[in-house]
Amino acid sequence: MISLTDSQKIGMGLTGFGVFFLFFGMILFFDKALLAIGNILFVAGLAFVIGLERTFRFFFQKHKMKATGFFLGGVFVVLIGWPIIGVVLEIYGFFLLFRGFFPVVVGFIRRIPVLGSILNLPFISAPS
């Protein structure tokens, strides 16, 4: 079991609520208010979980400036009232920012009993 500090627990809650509001905002046909709340909670939760300094170091690395621009630009576009365009920019920025983590996530999911067997099917798994 991983031990979390109190601020990390708060961050996990904020991030969870942020993801919930983002998902719920998309289900309700890109509701501006829910998407804006979700964006703010997600970014604040991330800062609580990994710390403010590490969050700035993560987002503002030289090789991640394009991804950060798209992600934070998408957040800004949602906040000013164009939710569909903003969410598209955010998703693109999110994939650029976190593309290094996806192989780790897929490797973890492969160890889960039902999902692992689905990911190991010949037409889904990557050729070796």
If you round to the nearest 0.5 Å, how far is [atom2] of [Y] from [atom1] of [X]?
| X | Y | atom1 | atom2 | answer |
| --- | --- | --- | --- | --- |
| I27 | L22 | CD1 | CG | 11.5 Å |
| T55 | L46 | OG1 | CG | 5.0 Å |
| I50 | S7 | CD1 | OG | 11.5 Å |

Considering all heavy atoms of both residues, which atom of [X] and which atom of [Y] are nearest to each other, and what is their separation?
| X | Y | value |
| --- | --- | --- |
| L28 | L34 | CD1-CD1, 3.7 Å |
| P83 | G81 | CD-O, 3.2 Å |
| Q61 | R57 | CG-O, 2.8 Å |
| N39 | E90 | OD1-OE1, 2.7 Å |
| A67 | L96 | CB-CB, 3.3 Å |
| G93 | F70 | CA-CB, 3.8 Å |

* Asked: Parallel, tilted or perpendicular for F56 and F60, by the 30°/60° rule?
  -> parallel
Next item on the list: Indicate the ring-plane relationship of F71 and F59, choosing parallel, tilted or perpendicular according to the 30° and 60° boundaries.
Entry: parallel
Does atom NZ (K32) have a neighbourhood of more than 12 heavy atoms from anything else shown, all under 6.0 Å?
no
*Should the heavy atoms of other residues, nucleotides or ligands under 6.0 Å from CZ of F17 be counted, would the total exceed 12?*
no
Would you say [X] and [Y] are hydrophobically clustered, going by side-chain heavy atoms of ILVMFWY under 4.5 Å?
| X | Y | result |
| --- | --- | --- |
| I80 | I40 | no |
| W82 | L79 | no |
| F30 | V75 | yes |
| L115 | V106 | yes |
| F21 | V77 | no |

* To do: Kindly say whether the aromatic ring centers of F102 and F95 come within a distance under 6.0 Å.
  => yes
Sorted by chain and number, sequence neighbours left out, ring-ring contact (aromatic ring centres under 6.0 Å, His included) with F20 holds for F24
Check: M12 main-chain N/O paired with T15 side-chain donor or acceptor under 3.5 Å: no
